[in-house]
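One structure is given here, and the rest of the page talks about it.
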Amino acid sequence: MPTPSIDRGAERDLALGAGRHAARAGGARACGADPTAAGSISMTGRSILWMALGATLGLMTLVVVIVLPSVEDPCEGVSVLGSSTALPPIGGFAPGGSAAAAPGGATDNRSDTRTSALPTATPAEPTVSQANPTATGAPSLAAGSGPIRRTLPLAAGTFTVSDVFGARGGTHLGVDLAATDGTTIYSVSDGHVVAAGPASGFGNWIVVDSVDTNGRSYSAVYGHMWDSGVHVRVGDTVAAGQPIAQVGSAGESSGPHLHFEIVPGGRFTGGRQIDPQPWLDGAPTPDVGGALAYSSDPRCNLGFGSAGGALAAGKVPPELEVWYRRAGSICPQITPSLLAAQGRQESGFQRGANSPAGAQGLAQFLPGTASSINPDDGKPYVIDADGNGVASVWDDGDAIVGQGRYMCAIAHKVVSWESEGRVQGDLVALTLAAYNAGEGAVLASGGMPNQFAAHYSETRPYVANILAMEPQYRAPGSLGRFTPQDSSGGANIVAAAHQWLGQPYVWGGGGPQGPSSGGLDGPGLTSAAVFAASSGTVTLPRTAEQQWEAGAEVPMSKAAPGDLVFSSFGPRGPAQVGIYSGSGQMIQSVPGVDTRSRSGVTEVLVPGDARLRRVL
């Protein structure tokens, strides 16, 4: 709840009974005409003809009702073919609008710049400042609707294909292009950047959402760049052939290369990967499900083309989903899943919430905070986001977009304070703390509020609860490569843990949300891996001692990959926990004992005092 004060304990007791929206009444059904009529009907030839026609129409209606029932899925059977290449606004075009009416929505009639199939060549350093030169040729149609505009992600002659799609038992969902460290990476198509920066497994990645000339949505994914090799930010618009990054070897990588994926339907919006090599050679973008880019129904576009796609579908009330997707696209620091978890903590998604302290609506704004001016744009935090002519904390869209605007403004202040050395701590945690206790409380405390009893009894639990809930609202795989496969739960735990190999050890770091404060400790690693492997259905407690009580113990003779390995037992239970990876080894995160020992997330031999528990 945004407030400049710290006395917030009473505000958790929400008066949920007031101000509820009235239920909508069901629509009236049309009545048929009275089948009886006054007078007699002369059975002339004309009347017989009319009766036969009526019977035929009635039979046709019956057939349509029986054979063609109404489609319950609003996205099923919707045509996505069209010539526009413009991405839609967040939430889709307004009813009656069209892609052609949007800025940049004209048909792309440029000459074809499609590439030939990926060659195998000796790496060489390209000129960074130049756009990717591509071969031109005769126009090739995607699904018969227009010319394809695609370029290679690396300039021809600068790379070799080091691993193909479907390798490693089908788990490699892209193509690896080996190249010299620092080789320029180009955007393969026009689009919007929806992710850029750290990602588990990839080290760093970039995800660009685009719409092909056949109207189908897809994402291009670029992975393993160094921190210094990411040259775009979330929200940027890029063009085909534009330099966006440089080849690196971050994350799960044994040498400099680009991991490249094409994901029809959207990386965060229900799509799935295809072999990018035929696609780069001009194959049409297939329809494999996922987002419909031009749909005006938010249930169909799922925030495609914006950072809002990272919200897991179906986790918030459907009428609120589009607003969390919009609000989570305002700034890269504040995600839709974080806002959704915060909304759950603030009001339980209940309209009309009104606390004894005067906090109002879904986002629990105090009136004074709602009308305060956002220093980022000079407008109030709560604006008329839904376009009904009134800015109100009682309106779904106004409240949630206001929540996102205020959280982003706080995040920007925290970033500035951290750069000045005035505060220390995790950016997201401090932003949440400022929303609850006030920005001044964070600044005065030099980080997590610690000035008053309420900071310990309310603000800190508030932050911890939201961070623990956030992964439940996050689209699977939205922080990196790993997504649960159709294999055993234990194998998925190991696969999830592998993506964090090399992550630094940070005491108290990590949890279901993945690394925090730059790293993971032992129980933070196991919690993150189990949460990811279970698609958010299993949340382990925070300490090794507490995790020892989860699941069921299994003997060492029956150890299986994914079992939790506990060791260093004391009076209160085990002090260490890791994940059994097979062949007598385990993945763990521990601090280095000395300068010669390995610290962070590593794979080591199972210790002699180990005991196992199975949680999936």
Side-chain angles (χ1 to χ4, degrees), residues 1-9 197-200 204 227 234 328 330-335 337-342 345-346 369 375-376 403-471 473-474 479 500 503-525 527-528 541-543 589 591 599-601:
M1 285 174 280
T3 173
S5 66
I6 54 87
D7 186 14
R8 302 299 302 282
S200 53
N204 286 284
D227 292 351
V234 173
I330 295 172
C331 67
Q333 297 89 350
I334 305 302
T335 64
S337 55
L338 179 70
L339 293 176
Q342 187 181 27
Q345 177 75 18
E346 289 286 356
T369 306
D376 290 344
Q403 174 192 356
R405 286 168 54 78
Y406 187 38
M407 284 286 286
C408 284
I410 296 173
H412 296 157
K413 292 180 182 179
V414 173
V415 168
S416 175
W417 294 338
E418 287 184 330
S419 67
E420 297 167 358
R422 303 172 70 184
V423 302
Q424 291 182 330
D426 181 74
L427 171 62
V428 173
L430 294 182
T431 302
L432 289 168
Y435 192 97
N436 177 265
E439 301 159 39
V442 170
L443 188 57
S445 303
M448 189 59 63
N450 59 12
Q451 305 292 298
F452 300 94
H455 290 160
Y456 292 93
S457 63
E458 181 187 346
T459 301
R460 293 189 177 212
Y462 171 89
V463 173
N465 288 344
I466 293 172
L467 292 179
M469 287 191 293
E470 182 273 332
Y473 297 95
R474 187 198 310 152
L479 290 185
W500 288 301
Q503 191 80 30
Y505 174 87
V506 173
W507 185 82
Q513 75 276 6
S516 63
S517 301
L520 297 156
D521 63 9
L525 168 66
S527 178
R542 185 63 192 86
T543 68
S589 182
S599 67
V601 181

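Rounded to the nearest 0.5 Å, atoms CG (Leu427) and CD1 (Ile334) are 6.5 Å apart. Note that OH of Tyr462 is 13.5 Å distant from NE2 of His455, once rounded to the nearest 0.5 Å. From Gln342, atom CD reaches atom CE of Met469 across 9.5 Å, with rounding to the nearest 0.5 Å. Remark: Leu443 CG to Glu420 CD distance equals 9.0 Å, nearest 0.5 Å. A distance of 10.5 Å separates CE of Met407 from CD of Gln333, quoted to the nearest 0.5 Å. In this structure, CG on Leu339 lies 7.5 Å from CD1 on Ile330, to the nearest 0.5 angstrom.
Taking a 6.0 Å sphere around CD of Gln424, one finds it holds 12 or fewer heavy atoms contributed by other residues, nucleotides or ligands.
The minimum heavy-atom distance between Gly514 and Trp500, with the atom names listed, is CA-CZ2, 4.3 Å. Scanning all heavy atoms of the two residues, the minimum distance from Gln451 to Ala444 falls at NE2-O, 3.9 Å. The heavy-atom pair separating Glu418 from Gly425 by the smallest distance is OE2-O, 2.6 Å. Counting all heavy atoms, side chain and backbone alike, Thr335 lies closest to Pro332 at CG2-O, 4.5 Å. Taking both residues in full, the closest heavy atoms of Ser445 and Ala441 are given as OG-O, 2.8 Å, listed atom of the first, atom of the second, then distance. The two atoms that bring Pro449 and Ala437 nearest to each other are CG-CB, 4.4 Å, heavy atoms only.
In this structure, the side chain of Ser527 does not engage the main chain of Pro523 through any donor-acceptor pair within 3.5 Å. Ser589 contributes a side-chain N or O that, together with a main-chain N or O of Leu520, makes up a donor-acceptor pair within less than 3.5 Å.
Partner of Val428 under the side-chain contact (heavy atoms from CB on, under 4.5 Å) criterion, chosen from Leu338, Ile466, Val414: Leu338.
Using a 4.5 Å heavy-atom cutoff, the side chains of Leu432 and Leu467 are in contact. Considering only heavy atoms from C-beta on, His412 stays 4.5 Å or farther from Pro375 through its side chain.
Contacts of Arg460 classified as salt bridge (Lys or Arg N to Asp or Glu O under 4.0 Å), with partners at least two apart in sequence or in another chain: none.
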Evaluate the side-chain contact (heavy atoms from CB on, under 4.5 Å) criterion for residues Leu430 and Trp417: first the C-alpha distance (whole Å), next the side-chain angles of each, then the deciding distance (0.1 Å), finally the verdict. CA-CA 11 Å; Leu430 294 182; Trp417 294 338; over 6 Å; no
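By the 4.0 Å N-to-carboxylate-O rule, Arg542 lies close enough to Asp521 to be salt-bridged with it.
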